[in-house]
Amino acid sequence: MLERFLKQTSFKDMDDFRKNYKVIVPEDFNFGYDIVDAWANEQPDKLAMIWTNDKGEERKFTFADMKKYSDQTASYFQSIGIGKGDRVMLILKRHYQFWFAITAIHKIGAIVIPATHLLTKHDLVYRNNSAGVKAIVCCGDPVIIEHVKESLPESPTVEKLVSVGPEVPEGFLDFNKGIAEAAPFTPPARPHNSDISLIYFTSGTAGEPKMVAHDFTYPLGHITTAAYWQNLTPNDIHLTVADTGWGKAVWGKLYGQWIVGACVFVYDHEKFTPHALLEMMIKYKVTTFCAPPTIYRFLIKEDLHNFDLSNLRHITTAGEALNKSVFNTMKEITGLNIYEGFGQTETTLSLATFPWMNPKPGSMGVPNPDYDIDIVDTDGKSVPVGEHGEIVIRLDKHRPLGLFSEYYRDPDLYKKVVTDNCTIYHTGDVAYRDADGYYWFIGRIDDVFKSSGYRISPFEVESACMTHPAVVECAVTGVPDPVRGIAIKATIVLARGYEPSDQLVKDIQTHVKKETAPYKYPRVIEFVTELPKTISGKIRRVELRGKN
């Protein structure tokens, strides 16, 4: 399959990869037809997904199954009035119906909006009205159903409600019954490559969530993600830890994986339990794995020496910088390096440590060959090695596949980040580049501040604080100080068994001085029971700054 989309599919080293990686984009590409159906036609019995849950249920789907069920779903959606350009919200956790629905929505040219089950009435009203959502397809869980119902009086565009069960309450259509009784699917005219296929609402750490829109070529941007970062082959069983409401799901549980022809493993659970996840990985012989560093820390605490992970051959991480101790422990136990990656909702994998490279724990790696990435100062000039600046993507010579096409219904916001006659995309992330070309994350532009003339990265200070056993969560901000101008403040949630005290403040400060440059230690520490966060769990430092 890869041969259809790449001029060269194998590379001997990073230099070869940089020079010769080139994606061939077909006219009117459609993931549903050109990937799912193509596999079904060529290798109908090839396993596409293994799904299991915490209740002991199991389903295995071949690509022929996925074609069948996505066709039935597409026909059913058409029968209830969903067509090209209509916005359909999916709140489906890790239920296998998500894969039927998103593939079907692509086939009929509608626009999919994946969403988390954590949305409240307020969140749903905002999303429904901002995007003009026409239909909501959701789990039949009581809490989800309640929030959806509560949102309806203030969501005039919503016309159809569909439940995949277990409950199908009054006012909701039955998804499973609907697809089982659907007429044969008649494909409509294909959407064009430039049409919108997918909208994600960003986390909104500094305001209301933005609507990040991607076109129909977006899945092709994830060839790099799956084939050359996660290092997948058609023989792999791949697990990415992510709920389908987050962008990481299509990064690791759908697009690139099925383009390569790998089998996606899905563990559908209500509560994350490291021991249970490890048992599932062993039982189903997972060969490649991707998870944020937090998940690796949880797994290590289970004493991995007691688990046979010999089937694992490649592991990756993204979402935050990797602690060196986690890297070393996984290497010691499994013999595998963890390969880091970085991207945004607006992009695909833009920086990564690829298999031909020696990982540097904590580094984002080097640019994806499809991206022209630079680090610039406030005047837009490239900064030298070791100097902090903003990560930008240059678009004057080439627009990378998978870069977002617009902020839906907000062209003014788009113009703020895509500037210089649409030749530069400003990521808003601060980093530096070392002498070997590896990139190192510092923080968001809005979060970085100066104290006593030093540029302070909240991320670096938080990482140092988090290595103290008393600290379970931490957010670093700047507070006014008569001597330093701005002083470093750490707002900390304590681990169980620790109580706030002056002595604990001193212990944490001393610890941070040993973990990083002494000038970065927090001169002010406040203990709290919880930190303000977005729905996706990102800390809202802007809210903490407002309280200082």
Side-chain angles (χ1 to χ4, degrees), residues 1-2 6 9-11 17 35 39 46-52 60-61 63 94 99 219 221-244 246-268 274 276-296 298-300 304 307-319 322 326-327 329-343 348-349 351-359 361 365 368:
M1 187 71 71
L2 276 182
L6 295 181
T9 59
S10 62
F11 306 92
F17 188 39
I35 302 301
W39 276 114
K46 182 168 182 47
L47 204 58
M49 185 167 76
I50 300 171
W51 176 92
T52 188
K60 293 183 178 181
F61 300 96
F63 278 105
R94 293 175 176 85
W99 284 263
H222 281 299
I223 291 175
T224 316
T225 310
Y228 303 107
W229 175 50
Q230 294 171 345
N231 201 21
L232 300 183
T233 73
N235 299 318
D236 279 307
I237 298 173
H238 177 73
L239 168 59
T240 283
V241 178
D243 183 283
T244 62
W246 308 123
K248 191 66 191 304
V250 298
W251 279 52
K253 303 168 94 76
L254 180 62
Y255 292 140
Q257 294 68 38
W258 280 359
I259 293 174
V260 170
C263 175
V264 171
F265 176 70
V266 180
Y267 178 44
D268 190 357
L277 181 67
L278 287 164
E279 288 185 333
M280 292 298 107
M281 292 170 67
I282 294 168
K283 178 179 178 181
Y284 289 97
K285 296 180 169 59
V286 169
T287 59
T288 56
F289 179 69
C290 185
T294 301
I295 298 295
Y296 282 101
F298 279 123
L299 297 182
I300 287 169
L304 290 180
F307 296 88
D308 179 9
L309 297 176
S310 57
N311 286 300
L312 271 183
R313 66 169 193 83
H314 193 78
I315 54 180
T316 52
T317 191
L322 182 68
V326 172
F327 179 94
T329 302
M330 289 300 297
K331 175 78 172 180
E332 175 195 342
I333 296 172
T334 68
L336 302 174
N337 293 325
I338 302 177
Y339 292 83
E340 295 181 63
F342 171 83
T348 56
L349 180 78
L351 292 151
T353 304
F354 293 101
W356 307 281
M357 301 167 55
N358 292 319
N368 173 341

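Because the structure is a prediction, the values reported are computed rather than measured.
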*Are the side chain of T287 and the backbone of L312 linked by a donor-acceptor contact shorter than 3.5 Å?*
no
*What's the shortest heavy-atom distance between A291 and V241, and which atoms?*
CB-CG2, 3.9 Å
*Of all heavy-atom pairs between P359 and I338, which one has the smallest distance, and what is that distance?*
CB-O, 4.0 Å
*Partners meeting side chain to side chain contact (heavy atoms under 4.5 Å, CB included) with C263 (sequence neighbours left out)*: L47, I50, I237
*Answer yes or no: is there a side-chain heavy-atom contact under 4.5 Å between Y296 and I315?*
yes
*What's the spacing between Y339 OH and M357 CE if we round to 0.5 Å?*
9.5 Å
*Side chains of T348 and H222: donor-acceptor distance under 3.5 Å anywhere?*
no
*Report yes or no: does Y228 contribute a side-chain atom to a donor-acceptor pair with the main-chain N or O of T9 at less than 3.5 Å?*
yes
*Does some side-chain heavy atom of D236 sit less than 4.5 Å from a side-chain heavy atom of V260?*
no
*Got M281 and F265 here, is their nearest side-chain heavy-atom distance under 4.5 Å?*
no
*Closest heavy-atom pair and its distance - L299, P274*: CD2-O, 3.9 Å
*Any chance you could measure D308, atom CG, to I282, atom CD1, to the nearest 0.5 Å?*
6.0 Å
_Approximate separation, where rounding is to 0.5 Å, of W246 CH2 and K253 NZ_ = 14.0 Å
*Evaluate whether atom CZ of F298 has more than 12 neighbouring non-hydrogen atoms of other residues, nucleotides or ligands under 6.0 angstrom away.*
no
*For H238 and T240, does a side-chain donor sit closer than 3.5 Å to a side-chain acceptor?*
yes
*Which word best sums up how the rings of W229 and W251 line up, parallel for under 30°, tilted for 30 to 60°, or perpendicular for over 60°?*
perpendicular
_Distance, nearest 0.5 Å, that separates OG1 of T316 from CD of Q230_ = 5.0 Å
*If you look at every heavy atom in R94 and D243, which pair is closest and at what distance?*
NH2-N, 3.6 Å
*asked:* Taking the six-membered ring for Trp, are F11 and F354 closer than 6.0 Å centroid to centroid?
replied: no
*Under the 3.5 angstrom rule, does the side chain of K46 hit a backbone N or O of W39 as a donor-acceptor pair?*
no
*Evaluate the side-chain proximity of L2 to I259: yes if any heavy-atom separation is below 4.5 Å, no if none is.*
yes
*Distance (rounded to the nearest 0.5 Å) between E332 CD and I300 CD1*: 9.5 Å
*Would you mind reporting whether T288 and N231 have side-chain heavy atoms less than 4.5 Å apart?*
no
*To the nearest 0.5 Å, how far apart are CE in M330 and CG in L304?*
5.5 Å
*Non-hydrogen atoms of K248 and A318 that approach each other most closely*: NZ-CB, 4.4 Å
*Should the pair F63 and W258 be assigned to parallel (<30°), tilted (30 to 60°) or perpendicular (>60°) ring geometry?*
perpendicular
_What I'd like to find out is whether the side chain of F289 reaches to under 4.5 Å of the side chain of I295, using heavy atoms alone._
yes
*asked:* So which atom in A262 and which in L232 form the shortest heavy-atom distance, rounded to 0.1 Å?
replied: CB-CD1, 4.1 Å
